Amino acid sequence: MSLPDMSVQREEESNAAVLPKQAGISEVKQQTRRKTMFLQKKKFRDEGSAMIFIGPFLILFILFIVIPVIAAIGLSFTYFNTVEAPKFVGLQNYVNLLTQDNVFMMYVLPNTIKFSLIVGPIGYALSFWLAWLLAQIPKKSRTVLTLVIYSPSMTAGIAMAVVWLIIFSGDSAGYLNSMLLKLGLIYEPIQWTQSPDYLMPIMVVVSLWGSMGVGFLAMLAGILNVDKELYEAAYIDGIRSRLQEVFYITIPSMKPQMLFGAVMAVVGTVQAGVIGVQLSGANPTPQYAGQLIINHIDDYGFIRYEMGYASAVSVILLLIVYLFSKLCWRLFGEKD
């Protein structure tokens, strides 16, 4: 065989060896492409299924949370009396709120701060303390006591009309006045819910009584789910008291529940502001003694029909709640 024929034969053999390799590489690429397309389709199906399940919640959230908040922010820059079309006034409502609304600066804001600093932290600490105590007793007794403690948060409106208004009634038939008259501690009935001296303390007592809501249940669940082996290991490492057990094991192990309880305490404190109006039967409350921001919003929005100004006050309240929620997140959020 001549030299050219041998080179041609080697070239053909080399091409024959390369072709299967190229075919193999092409097939691997096709398999990779098909696998990628399959994973993308699977991901799309999973996301579609998730959207179907959360779709109703998203629709309701947008309709009843997002849209009203955006509408309130928009109306806060207008004068709107619910009859005429809104008129754009820029920042005038906010300027009036901070510079001309003496009731807001002298009574509403101080009352809100005082009420929040008392009811919020005390109610939160009380929720954790009761949840921790219930976690130490047998299951049957714990279930009954949990229902007893939680029930006031569900029946607050009924209890307000049936229990608290009768207890603090301003005539001699009221339970508190009747008892004090019989004991000779007072000589005439006291107008408990109409007196500026007593209205705020009564609001605090009633709010704390009904503050054991879902935050309390979340804390109880968190305490019950803490791994018992952590306590055993902690005692081996040197923990010697139940207080150390709570601070070093229980609270760090249930930070999500603590965060949820803190946020619910903030929201519950804001919602509890209507108690002053329910107790006194008037908005504004007597001499503004129990007037909080939420009552101020109702006063201007649904009594005076100054919806633009009421919206500006509600935006301020939203910012306050947001700042307190961020503070709770800084305290109990996960540090990733």
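Since the model is a prediction, treat every value here as computed from it, not as a measurement. Scope of the values below: all heavy atoms of this structure, side chains included, with no hydrogens, waters or symmetry mates. Index from 1, following the sequence.
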**Message:** According to side-chain contact (heavy atoms from CB on, under 4.5 Å), who are the partners of Leu98, at least two apart in sequence or on a separate chain?
**Reply:** none
**Asked** Where do Arg304 and Asp299 land on the side chain to side chain contact (heavy atoms under 4.5 Å, CB included) test, with the steps shown first?
**Response** CA-CA 6 Å; Arg304 310 188 193 195; Asp299 181 19; 3.0 Å; yes
**Prompt:** Is it true that atom OH of Tyr288 has more than 12 heavy atoms of other residues, nucleotides or ligands lying nearer than 6.0 Å?
**Reply:** no
**Asked** Between Tyr231 and Thr250, is any side-chain donor less than 3.5 angstrom from a side-chain acceptor?
**Response** yes
**Request:** For residues Ile52 and Pro56, report the shortest heavy-atom separation together with the two atoms involved.
**Result:** O-CD, 3.4 Å
**Message:** Could you see if Leu180 belongs to whatever hydrophobic cluster contains Tyr175? Use Ile, Leu, Val, Met, Phe, Trp, Tyr and a side-chain cutoff under 4.5 Å.
**Reply:** yes
**Co-membership, hydrophobic cluster, residues Val214 and Leu220, 4.5 Å side-chain** = yes
**Request:** Return each pair, listed once, that meets ring pair (Phe, Tyr, Trp, His ring centres under 6.0 Å) where at least one residue sits in residues 243-270; pairs must be two or more places apart or across chains.
**Result:** none
**Message:** Quick check against the 3.5 Å criterion: does Asn177 have a side-chain atom that pairs as donor or acceptor with the backbone of Ser169?
**Reply:** yes
**Audit row: Leu134, Phe216, side chain to side chain contact (heavy atoms under 4.5 Å, CB included) steps and yes/no** = CA-CA 11 Å; Leu134 290 177; Phe216 159 73; 3.5 Å; yes
**Prompt:** Under a single-linkage definition using a 4.5 Å side-chain heavy-atom cutoff for Ile, Leu, Val, Met, Phe, Trp and Tyr, are Val69 and Phe80 assigned to the same hydrophobic cluster?
**Reply:** no
**Message:** For a quick test of reading the model, state the closest non-hydrogen atom pair linking Val313 to Leu97 and the distance between them.
**Reply:** CG2-CD1, 3.9 Å
**Test item: Val246 and Arg242 side chains (from C-beta on) under 4.5 Å apart, heavy atoms** = no
**Asked** Would you say the side chain of Met254 lies within less than 4.5 Å of the side chain of Ile223, judging by non-hydrogen atoms?
**Response** yes
**Prompt:** Where is the tightest heavy-atom contact between Leu75 and Thr78, given as atom of each residue plus distance?
**Reply:** O-OG1, 2.7 Å
**Request:** Look at the side chain of Ser76 and the backbone N and O of Ile73, then say whether any donor-acceptor pair between them is shorter than 3.5 Å.
**Result:** yes
**Request:** Keeping the roles fixed (side chain from Gln291, backbone from Pro284), state whether a donor-acceptor pair exists under 3.5 Å.
**Result:** no
**Request:** Nearest 0.5 Å please: distance from the CG atom of Asp197 over to the CD atom of Gln287.
**Result:** 8.5 Å
**Asked** Is any side-chain heavy atom of Leu317 closer than 4.5 Å to a side-chain heavy atom of His296?
**Response** no
**Asked** Under 6.0 Å from the CZ atom of Phe168, do we count more than 12 heavy atoms belonging to anything else shown?
**Response** yes
**Message:** Rounded to the nearest 0.5 Å, what separates atom CG in Asn111 from atom CE in Met200?
**Reply:** 4.0 Å
**Complete:** The complete set of salt bridge (Lys or Arg N to Asp or Glu O under 4.0 Å) pairs with one or both residues in residues 217-230, sequence neighbours excluded, reads none
**Asked** Short question: side chain of Ser151, backbone of Val148 - any donor-acceptor pair under 3.5 Å?
**Response** yes
**Request:** Please round to the nearest 0.5 Å and tell me the distance separating atom CD1 of Ile167 and atom OG1 of Thr193.
**Result:** 12.5 Å
**Message:** When you measure from the side chain of Ser207 to the backbone of Met203, do you find a donor-acceptor pair of N or O atoms at a distance under 3.5 Å?
**Reply:** yes
**Request:** State yes or no: do Ile113 and Ile293 share one hydrophobic cluster built from I, L, V, M, F, W and Y residues joined by side-chain heavy-atom distances below 4.5 Å, directly or via other members?
**Result:** yes
**Message:** For residues Val277 and Ile166: do they belong to one hydrophobic cluster (side chain heavy atoms under 4.5 Å, members Ile, Leu, Val, Met, Phe, Trp, Tyr)?
**Reply:** no
**Request:** Would you please indicate yes or no on a ring centroid separation below 6.0 angstrom for Phe77 and Tyr94?
**Result:** yes
**Message:** Minimum heavy-atom separation for Ser280 and Leu199, please, with both atom names.
**Reply:** CB-CD2, 4.4 Å
**Request:** For Leu217, enumerate each residue passing the side-chain contact (heavy atoms from CB on, under 4.5 Å) test, keeping only those at least two apart in sequence or located in another chain.
**Result:** Thr146, Tyr150
**Request:** Determine the minimum heavy-atom distance between Tyr198 and Trp192, stating which atoms define it.
**Result:** CB-O, 3.5 Å
Distance-only criterion, 3.5 Å: show the donor-acceptor pairs between side-chain atoms of residues 116-131 and protein atoms not counting sequence neighbours.
unit_1: Ser116; atom_1: OG; unit_2: Thr112; atom_2: O; d: 2.7
unit_1: Tyr124; atom_1: OH; unit_2: Met258; atom_2: O; d: 2.9
unit_1: Ser127; atom_1: OG; unit_2: Gly123; atom_2: O; d: 2.8

**Request:** Please name all residues satisfying side-chain hydrogen bond (donor to acceptor under 3.5 Å, both in side chains) with Tyr235, sequence neighbours left out, ordered by chain then number.
**Result:** Glu245
**Message:** To the nearest 0.5 Å, what is the distance between CH2 on Trp329 and CG on Leu259?
**Reply:** 5.5 Å
**Request:** Over 60° means perpendicular and under 30° means parallel, so classify the ring planes of Tyr309 and Tyr300, tilted if in between.
**Result:** tilted
**Request:** May I ask you to check whether over 12 heavy atoms, not counting those of Gln136, lie within 6.0 Å of atom CD?
**Result:** yes
**Distance-minimising heavy-atom pair for Ile67 and Leu63** = CB-O, 4.0 Å
**Asked** Between atom CE of Met307 and atom OG of Ser314, what is the distance when rounded to the nearest 0.5 Å?
**Response** 10.5 Å
**Close side-chain approach of Ile202 and Val206, heavy atoms under 4.5 Å** = yes
**Prompt:** Could you walk me through whether Val108 and Leu292 pass the side chain to side chain contact (heavy atoms under 4.5 Å, CB included) check?
**Reply:** CA-CA 5 Å; Val108 175; Leu292 305 182; 5.6 Å; no
**Prompt:** Is there a donor-acceptor pair under 3.5 Å between the side chain of Ser195 and the backbone N or O of Gln191?
**Reply:** no
**Message:** Any heavy-atom pair between the side chains of Thr82 and Glu306 that's under 4.5 Å?
**Reply:** no
**Request:** Begin with the C-alpha distance, continue with both residues' side-chain angles, and end with the deciding distance and a verdict on side chain to side chain donor-acceptor pair (under 3.5 Å) for Asn102 and Tyr107.
**Result:** CA-CA 8 Å; Asn102 294 329; Tyr107 300 102; over 6 Å; no
**Request:** Could you check Ser172 against Leu181 for side chain to side chain contact (heavy atoms under 4.5 Å, CB included), going step by step and ending with a plain yes or no?
**Result:** CA-CA 8 Å; Ser172 58; Leu181 287 169; 3.9 Å; yes
**Donor-acceptor contact present, side-chain Asn96 to main-chain Asn93, <3.5 Å** = no
**Message:** To the nearest 0.5 Å, what is the distance between CD1 on Ile320 and OG on Ser325?
**Reply:** 11.5 Å
